[in-house]
Amino acid sequence: MALQEFVFPEQGVAPEVIDRDLGAFAMDDVRAHWSRCFRAPADVQDVARRAYNRFLSDNGLFTARVEGMQRIETELTNMCLALFSPPAGAWATVTSGGSESIYSALHAMREWARARRPGLGEPEVLATNTTHPAFSRGCHYFGLKLVRVPVGADLRADPSALARAVTPNTVGIVGSAPCWPYGLYDPIDALGRLAEQHDLWLHVDACVGGYLAPFLERLGEHVPPWDFRVPAVRSISADLHKLGYCLKPISTILWRAEDLRVHHLVQPSDWVSGAYKMSGFAGSRTMGPIYAAWAVMRYLGADGYCRLARRVLDACAALSRGIASIDGLYVLKNDSLPLTFGATTLDLARVQGGLSARGWIMVSCAQPPLINLPVDAATDERVIETFLSDLRSVCDEVRTGVATEAAVLKY
Ligand SMILES: *Cc1c(COP(=O)(O)O)cnc(C)c1O
């Protein structure tokens with residue numbers, strides 16, 4: 001069934017017809033893998049789906065009135081907070097994704113700064129050129145000026161360059177733990193000292209790494225200091241729907257203290273129906289992802305998350321070995337995900353073009369040209385072998401001039 005433009009179906013059809021028609025949209029499960037950013041192993045997904053379906057129709061708009069909704073959210077956010085060395089009085093809020101978590105932090109940062117600095121001009125937020133674009137969007141929405149300072153030679157935030165960019169209007173700094181393009185941690189402790197010196201709000205964007213780092217640490221891997229153990233950190237964004245293995249859309253924004261979160265609350269009482277008490281940006285929302293996230297955390301526990309973290313390490317090792325063995329490619333040395341590789345003698349845009357031609361949906365970085373692999377615990381043998389085999393033949397084609405189609409390096 002090909003819908004023409006602006007044609008609404010006159011009659012409904014049977015569910016079987018719908019199922020059949022939807023089959024046309026299914027992606028190649030293996031070659032769509034990297035575009036899932038990120039996916040849970042099948043058993044975890046099953047647990048999540050059952051909880052999701054059961055509570056799909058429950059509307060979180062009523063959280064303030066339904067005891068069970070409040071309880072599930074509190075139990076979930078308490079589990080989340082427990083992972084990040086929370087000080088007493090820390091608070092977390094569930095959001096619809098990393099972008100919303102970031103908007104929440106920026107909004108609170110602005111309100112906090114306005115409250116303590118009357119007469120503040122256009123507020124400025126310091127970040128780097130590796131800071132996620134959700135900060136550019138958020139700053140645009142909230143009338144903040146995002147000042148991006150290039151990272152240093154080690155590709156991490158450069159604290160002295162950031163210090164030079166502080167102005168009387170600077171209200172906050174953003175550090176990544178780690179940044180998406182290179183999988184590197186910014187020196188959060190040094191950014192913390194800078195924040196303390198100038199009375200700035202330090203936000204740590206741990207969207208990709210937040211729910212992996214605690215378990216890597218338990219496995220004895222080195223993780224640079226990044227969470228509430230760094231005293232200047234006021235807020236953290238961490239995505240449950242990435243390496244927390246929960247079903248999209250769900251993320252968390254974690255606040256060092258409840259009075260910081262309060263800056264983000266906008267709860268009007270100026271309409272005829274009375275008070276409107278939402279904790280985030282959303283109005284009506286499905287409770288499905290929240291119950292599912294609770295179910296996933298209970299199902300996995302720390303030992304389950306450690307098992308999945310180990311799988312990620314093993315998959316990264318296998319992929320790195322395979323990529324490094326291909327003439328003309330190199331693997332970027334980083335602290336965490338995504339696994340990232342570039343080219344020494346090959347044209348990386350053509351490598352990406354060749355992979356796209358084979359059906360892979362790739363994520364990449366333009367400066368410098370790199371390809372990112374969002375490895376997760378569902379990155380199994382089949383994905384690894386198919387990818388490496390396709391990559392080897394694509395590189396052969398690029399080397400011999402057969403593959404000439406270049407992909408534009410972008411999302
Ligand atoms: C994914 C990601 C985000 C944005 O999260 P969404 O869930 O896609 O909105 C922000 N920062 C980093 C470092 C990320 O990896």
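Order of listing sets the numbers, starting from 1, for every ligand and every atom in it. All heavy atoms count here, side chains included; hydrogens, waters and symmetry mates do not.
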Among all protein heavy atoms in this structure, tell me which lies nearest to atom 1 (C) of ligand 1, with the distance rounded to 0.1 Å. Lys242 NZ, 1.3 Å
So, using ring-ring contact (aromatic ring centres under 6.0 Å, His included) as the criterion, who are the partners of Phe84 when residues are at least two apart? Tyr211, Trp226
Going by the atom numbers of ligand 1, which of them fall below 4.0 Å from some non-hydrogen atom of Trp180? 15 (O)
For the NZ atom on Lys145, are there more than 12 heavy atoms of other groups (residues, nucleotides or ligands in this structure) within a distance under 6.0 Å? no
Enumerated ligand 1 atoms positioned under 4.0 Å from heavy atoms of Ile102: 10 (C)
Can you tell me which residue and heavy atom of the protein come closest to atom 6 (P) of ligand 1, and the distance to 0.1 Å? Gly98 N, 3.5 Å
Are Arg298 and Trp294 in a cation-pi setup, meaning NZ or CZ lies under 6.0 angstrom from the ring centre and within 45 degrees of the ring axis? yes
With the threshold set at under 4.0 angstrom, would you say His241 reaches ligand 1 through any of its heavy atoms? yes
I'd like to check which ligand 1 atoms, numbered from 1 as shown, lie under 4.0 Å from a non-hydrogen atom of Val208. 15 (O)
By number and element, which atoms of ligand 1 are closer than 4.0 Å to a non-hydrogen atom of Cys207? 2 (C), 3 (C), 10 (C), 11 (N), 12 (C), 14 (C)
Suppose we screen for ring-ring contact (aromatic ring centres under 6.0 Å, His included). Which residues come up paired with Phe281, at least two apart in sequence or across chains? His264
Give me the nearest non-hydrogen protein atom to atom 11 (N) of ligand 1 as residue plus atom name, then the distance to 0.1 Å. Asp205 OD2, 2.6 Å
Has Glu196 got more than 12 heavy atoms of other residues, nucleotides or ligands less than 6.0 Å from its CD? yes
One thing to verify: whether Asp390 and Arg31 come together as a salt bridge, which I'm taking to mean a side-chain N less than 4.0 angstrom from a carboxylate O. yes
Report yes if the distance between the aromatic ring centroids of His203 and Phe135 is under 6.0 Å, otherwise no. yes
At a non-hydrogen distance cut-off of under 4.0 Å, which region of Ser99 contacts ligand 1 (side chain, backbone, both, or neither)? both
